[in-house]
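Excluded from the calculations below are hydrogen atoms, water molecules and symmetry mates; all remaining heavy atoms, backbone and side chain alike, are included.
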Amino acid sequence: MTTLNDRSPALPVSGKAIGLYVVLALGLAWFVTLPIWLIGIDLSPSLPAVKETGEPGSGPMPTEGELFTQSLIAQVCGVVMMFTPGIAAVITLMVSGVKFSRVFPMLGAGRPVRVPGFRPRAAGNWPYVRRLLLGLVATLAVTLLIALVITIATPVWPANGHTLAHQSASALGMPLALFLVMQFAMIPVGAIFNALPSVGEELGWRGYLYPALTQRLGFAWAVVVGGAIWGVWHAPLIMAGYNFGLFGLPGVALMTASCIGLGAWFAYLYGATGSIWVPALAHGLFNAAAGITLLFWPADTAFNGVTASVLGVWSLVVLVPLAAVLVWRVAKEPGRAEKNLENGLQTPGESV
């Protein structure tokens with residue numbers, strides 16, 4: 001049983017602090033992605049097919065060298081952009097008077113902390129590890145469920161079985177089954193590699209913004225408002241065609257809707273464990289598994305991110321009900337707090 005840590009400063013949750021964070025997060029995102037816009041890089045997932053057909057806004061087909069350079073620039077900008085929410089959170093806390101030595105522990109990057117809106121948790125390593133493992137397994141299950149919904153709802157699967165998976169396996173000279181096993185086996189590895197930039201996002205969104213909004217508005221509104229801000233933050237990439245191949249506000253609106261649902265899940269994982277590393281790993285896992293739907297897409301058809309992306313319209317069939325269930329579940333949490341405290345569980349303000 002740990003002791004109370006009453007000397008730990010509370011997160012700054014004033015309107016001024018939250019406003020500063022939002023301005024910094026959005027502004028830094030646009031700043032680091034300026035090269036994409038200055039060069040005019042097309043991030044559409046259907047780039048080759050769109051370029052060849054010359055559809056409006058597509059422009060001439062880049063050379064192979066130009067495609068490589070543009071892809072490298074876009075990837076660097078995208079990775080750097082993922083750190084901007086965390087940078088914004090650090091600046092916001094320090095401007096609000098928090099000492100630098102306390103910033104990262106307050107954002108959940110040290111020992112697990114009590115998250116506003118969630119009941120106290122049992123202290124000890126095993127409860128933490130158990131929730132970490134359950135959270136990662138559930139994240140993968142959510143991703144696979146979205147992929148299943150897309151498979152059922154998208155009537156474009158080729159009758160001849162010539163998918164991108166078939167094409168890739170043939171190019172590598174290996175059986176299709178072995179290729180698919182390797183792809184799925186690489187998901188945990190990809191999750192670990194993706195977790196590093198993902199923690200840059202999670203420090204800001206789930207480490208600061210969601211708890212701050214929860215204290216002011218409650219968890220339900222934190223999910224909606226926080227998810228909307230998170231979705232709009234993606235605008236510099238989405239409006240360049242990323243994910244959906246949409247080059248305007250419709251793409252941002254779709255991303256925002258998906259972020260509200262997915263953000264609820266990551267916020268729940270943070271609240272349940274008190275460690276920002278858990279949603280960071282879950283975020284990395286989700287990104288690593290996001291390409292599953294690509295494997296079964298027709299090889300001769302331009303990928304339609306609006307319907308077939310794991311953040312496209314069909315993802316909302318899973319993410320919206322998931323968010324509603326999580327909001328309902330968290331709403332029941334405060335009523336159990338006193339009983340859990342009597343049973344020797346962690347109290348508000350404690351670290352384990």
Between [X] and [Y], is there a donor-acceptor pair closer than 3.5 Å when you use the side chain of the first and the backbone of the second?
X	Y	value
Ser14	Ala17	yes
Ser44	Gly245	no
Thr293	Ser309	no
Arg216	Val13	yes
Trp30	Pro236	no
Tyr21	Gly204	yes
Thr84	Val80	no
Arg131	Ala272	yes
Ser198	Asn194	yes
Ser315	Gly312	yes

Check: Is the number of heavy atoms from other residues, nucleotides or ligands under 6.0 Å of Tyr242 OH greater than 12?
Finding: no
Margin query: Counting only heavy atoms from other residues, nucleotides and ligands, does the tally under 6.0 Å from CE of Met174 exceed 12?
Written below: yes
Taking all atoms of both residues into account, what is the closest heavy-atom pair of [X] and [Y], and its distance?
X	Y	value
Leu316	Pro321	O-CD, 3.5 Å
Leu269	Ala282	CD1-CB, 3.5 Å
Pro211	Leu11	CB-CD1, 3.7 Å
Phe244	Val306	O-CG2, 3.6 Å
Ala25	Ala88	N-CB, 3.6 Å
Ala290	Val310	CB-CG2, 3.5 Å

What distance separates [X] [atom1] from [Y] [atom2], expressed to the nearest 0.5 Å?
X	Y	atom1	atom2	answer
Leu319	Ile260	CG	CD1	11.0 Å
Met82	Leu196	CE	CG	9.0 Å
Met239	Leu43	CE	CG	12.5 Å
Thr92	Ile87	OG1	CD1	11.5 Å
Leu203	Leu209	CG	CG	13.0 Å
Cys77	Leu72	SG	CG	9.5 Å

Margin query: Could you walk me through whether Val278 and Tyr270 satisfy the side-chain contact (heavy atoms from CB on, under 4.5 Å) test, starting with their C-alpha distance in whole Å, then the side-chain angles of each, then the deciding distance to 0.1 Å, before giving a yes or no?
Written below: CA-CA 7 Å; Val278 178; Tyr270 180 49; over 6 Å; no
Do the side chains of [X] and [Y] join up, straight or via other hydrophobic residues, at under 4.5 Å, putting them in one cluster?
X	Y	answer
Val23	Leu28	no
Val95	Leu107	no
Phe104	Leu281	yes
Val317	Val313	yes
Val79	Ile192	no

Counting C-beta onward and ignoring hydrogens, is there a side-chain heavy-atom pair between [X] and [Y] closer than 4.5 Å?
X	Y	value
Val225	Leu217	yes
Leu178	Pro175	yes
Leu294	Phe303	yes
Trp233	Met81	yes
Ile150	Ile146	yes
Leu145	Val318	yes
Leu180	Leu176	yes
Leu132	Thr273	no

Is a side-chain donor-acceptor pair under 3.5 Å present for [Y] with [X]?
X	Y	value
Thr214	Trp221	no
Tyr128	Ser275	yes
Trp230	Glu201	yes

With sequence neighbours excluded, residues passing ring-ring contact (aromatic ring centres under 6.0 Å, His included) with [X]:
X	value
Phe266	His283
Phe219	Phe118
Tyr210	none

Notebook entry, point to check: Could you go step by step and tell me if Leu311 and Leu262 meet the side-chain contact (heavy atoms from CB on, under 4.5 Å) rule?
Noted result: CA-CA 9 Å; Leu311 291 172; Leu262 190 60; 4.1 Å; yes
Next item on the list: For the pair Val98 and Met106, evaluate side-chain contact (heavy atoms from CB on, under 4.5 Å) and give the outcome as yes or no after the intermediate values.
Entry: CA-CA 9 Å; Val98 178; Met106 287 181 65; 3.5 Å; yes
Notebook entry, point to check: Between Phe184 and Ile292, does a side-chain contact (heavy atoms from CB on, under 4.5 Å) hold up when you go through it step by step?
Noted result: CA-CA 8 Å; Phe184 279 91; Ile292 290 175; 4.0 Å; yes
Check: Under 30°, 30 to 60°, or over 60°: which ring-plane class applies to Trp265 and Tyr268, parallel, tilted or perpendicular?
Finding: parallel
